[in-house]
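These values consider heavy atoms only, across backbone and side chains, with no hydrogens, waters or symmetry-generated copies.
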Amino acid sequence: MKLEVTNLTKKYGKKVILNNVSFTFEEGKIYGLIGRNGAGKTTFFNCMNRDIDIDSGDFKIIDKKIEKNLEESDIGYVLSTPIVPEFLTGKEFLQFFLEINKDQIKKQKTIEEYFNLVKLNQEDQNKLLKEYSHGMRNKMQMLINFIADSKVLLLDEPLTSLDVVVQDDMKKLFRTMKKDHIIIFSTHILELALDLCDEIIILNNQKIELIEKKNLNTKSYKDKIIRALKDTRND
């Protein structure tokens with residue numbers, strides 16, 4: 001399976017954020033999307049998710065011999081600040097999600113099996129979501145996207161504010177999921193992208209560029225990325 005982004009352009013008034021961007025993402029890989037603050041990483045995700053209108057461009061899913069437009073149902077979008085129904089417990093939220101999506105879920109697991117995936121114990125399952133920490137809310141958001149089994153996962157800074165133990169749990173889940181998905185992982189932490197991601201792409205000067213991932217422990221590789229990001233035009 002592939003996701004083809006073709007000639008994507010997005011402007012805010014006269015300011016061009018994305019300029020004729022084309023890139024092909026492949027199943028089985030986690031793509032680390034790196035860019036300076038304001039480069040347009042979240043805008044890129046919002047364009048793909050159709051949360052904002054685009055000026056031009058296409059998104060296509062190509063799976064074997066089938067080609068179709070990317071649809072909302074194909075996308076799972078994990079926000080940096082999780083949004084969950086605070087008036088429900090974790091277990092109530094999961095039960096509700098499973099019930100309303102039961103016809104779409106393949107090989108449904110038990111509630112306990114799902115909670116084990118993200119290491120939420122019995123006590124936490126019965127807490128109101130408003131009492132959850134940021135990391136626990138993030139786990140719930142990721143679990144819902146795991147169950148929905150969307151073809152494309154957009155992860156917008158999902159690990160930045162999490163402690164190292166929760167980060168490790170989430171990275172293991174991402175690596176498990178990548179086999180049958182296309183995962184695009186936005187971050188401004190270079191070391192995190194190098195550790196987790198199979199490919200490194202940078203968003204700079206309104207374009208996306210692949211930086212070949214090799215010699216990761218060398219200073220020259222990191223310097224290459226920093227130089228590319230420093231080379232920013234002021235439009």
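The backbone N or O of E92 lies less than 3.5 Å from a partner atom in the side chain of T89, making a donor-acceptor pair. Remark: side-chain polar atoms of K10 are not paired, donor with acceptor, to backbone N or O of I17 under 3.5 angstrom. Looking at D156, its side chain never comes within 3.5 Å of a backbone N or O of L79 through a donor-acceptor pair. Within the 3.5 Å criterion, the main-chain N or O of L120 finds a donor-acceptor partner in the side chain of Q125. In this structure a side-chain-to-backbone donor-acceptor pair under 3.5 Å is present from S22 to N7.
We find the NZ-OG1 distance between K11 and T43 to be 15.0 Å, quoted to the nearest 0.5 Å. Going from atom CG of N145 over to atom CG of L155 covers 8.0 Å, rounded to the nearest 0.5 Å. Note that CG of D74 and NZ of K151 are 4.5 Å apart. Values are rounded to the nearest 0.5 Å. Interatomic distance, NE2 of H188 versus CZ of R36, reported as 13.0 Å (0.5 Å rounding). Atoms CG and CD, on N204 and E209 in that order, are 8.0 Å from each other to the nearest 0.5 Å. Rounded to the nearest 0.5 Å, atoms NZ (K207) and CG (N19) are 4.5 Å apart.
Residues Y12 and I52 form a side-chain contact, since some pair of their non-hydrogen atoms from C-beta on lies under 4.5 Å apart. The closest side-chain heavy-atom distance from I202 to I211 is below 4.5 Å. Between D149 and H181, some side-chain heavy-atom pair lies under the 4.5 Å cut-off. Put simply, the side chain of N138 reaches to within 4.5 Å of the side chain of P158, judged on heavy atoms. The shortest side-chain heavy-atom distance between K2 and E67 does not fall under the 4.5 Å cut-off. With contacts defined as side-chain heavy-atom distances shorter than 4.5 Å, the pair D51/Y77 qualifies. Taking the side chain as every heavy atom from C-beta outward, Y31 and E26 approach each other to under 4.5 Å. Side-chain contact check for T6 versus K60: every heavy-atom pair is 4.5 Å or farther apart.
A salt bridge between K139 and D169 is present, with a side-chain N of the basic residue lying under 4.0 Å from a carboxylate O of the acidic one. The pair K127-D124 counts as a salt bridge, with a side-chain nitrogen and a carboxylate oxygen less than 4.0 angstrom apart.
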_L196 vs R175, test: side chain to side chain contact (heavy atoms under 4.5 Å, CB included). Steps then yes/no._
CA-CA 8 Å; L196 176 64; R175 289 178 178 126; 4.0 Å; yes

*In sequence, state the C-alpha distance, the side-chain angles, and the governing distance for Y114 and L98, and then conclude on side chain to side chain contact (heavy atoms under 4.5 Å, CB included).*
CA-CA 11 Å; Y114 282 127; L98 292 173; 3.7 Å; yes

_Please determine whether side chain to side chain contact (heavy atoms under 4.5 Å, CB included) holds for the pair V21 and Q206, giving the CA-CA distance in whole Å, both sets of side-chain angles, and the decisive distance to 0.1 Å._
CA-CA 8 Å; V21 170; Q206 308 153 356; 5.9 Å; no

*asked:* What verdict does the side chain to side chain contact (heavy atoms under 4.5 Å, CB included) test give for V152 and L70, after you've listed the backbone C-alpha separation in whole Å, the side-chain angles of each residue and the deciding distance to 0.1 Å?
replied: CA-CA 9 Å; V152 179; L70 182 69; 4.2 Å; yes

*Mind running salt bridge (charged side-chain N to carboxylate O under 4.0 Å, His left out) on E86 and R137 for me, showing each step along the way?*
CA-CA 10 Å; E86 296 187 341; R137 291 182 183 210; 3.0 Å; yes

*Please assess D55 against K14 for the test salt bridge (charged side-chain N to carboxylate O under 4.0 Å, His left out), listing each intermediate value before the final yes or no.*
CA-CA 12 Å; D55 292 279; K14 293 183 179 181; over 6 Å; no

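At most 12 heavy atoms of other shown residues, nucleotides or ligands fall within 6.0 angstrom of atom CD1 in I66. Within 6.0 Å of CD on E112 lie more than 12 heavy atoms contributed by other residues, nucleotides or ligands. For K179, the NZ atom counts as loosely surrounded, since its 6.0 Å shell holds 12 or fewer non-hydrogen atoms of other residues, nucleotides or ligands. Crowding of F96 atom CZ: a count of heavy atoms from other residues, nucleotides or ligands under 6.0 Å not exceeding 12. Atom NZ of K130 has 12 or fewer heavy atoms from other residues, nucleotides or ligands within 6.0 Å. The environment of CG in D53 is sparse: at most 12 heavy-atom neighbours from other residues, nucleotides or ligands sit within 6.0 Å.
Under the 4.5 Å side-chain heavy-atom criterion for Ile, Leu, Val, Met, Phe, Trp and Tyr, L18 and F59 are members of the same hydrophobic cluster. Follow the hydrophobic side-chain contacts under 4.5 Å out from I61 and you reach I208 in the same cluster. L128 and L94 fall into different hydrophobic clusters, defined by Ile, Leu, Val, Met, Phe, Trp and Tyr side-chain heavy atoms under 4.5 Å apart, directly or through other members. Each of L192 and L203 belongs to its own hydrophobic cluster when Ile, Leu, Val, Met, Phe, Trp and Tyr are linked at side-chain heavy-atom distances under 4.5 angstrom. In the hydrophobic cluster analysis, where Ile, Leu, Val, Met, Phe, Trp and Tyr join through side-chain heavy atoms closer than 4.5 angstrom, I30 is grouped apart from F45.
Contact record, V78 with M142: CG2-SD, 3.8 Å, taken as the closest heavy-atom pair. Scanning all heavy atoms of the two residues, the minimum distance from K171 to D195 falls at NZ-OD2, 2.8 Å. The nearest pair of heavy atoms linking S73 to S150 is O-OG, 3.9 Å. Taking both residues in full, the closest heavy atoms of P85 and F93 are given as CG-CD1, 3.6 Å, listed atom of the first, atom of the second, then distance. Scanning all heavy atoms of the two residues, the minimum distance from E199 to L210 falls at OE1-CD1, 3.6 Å. Here the shortest heavy-atom pairing between M140 and F115 reads SD-CE2, 3.7 Å.
Under a cutoff of 6.0 Å and an axis angle of 45°, K178 and F174 do not form a cation-pi pair.
Below 30°, between 30° and 60°, or above 60°: for F25 and F44 the angle between ring planes is between 30° and 60°, a tilted geometry.
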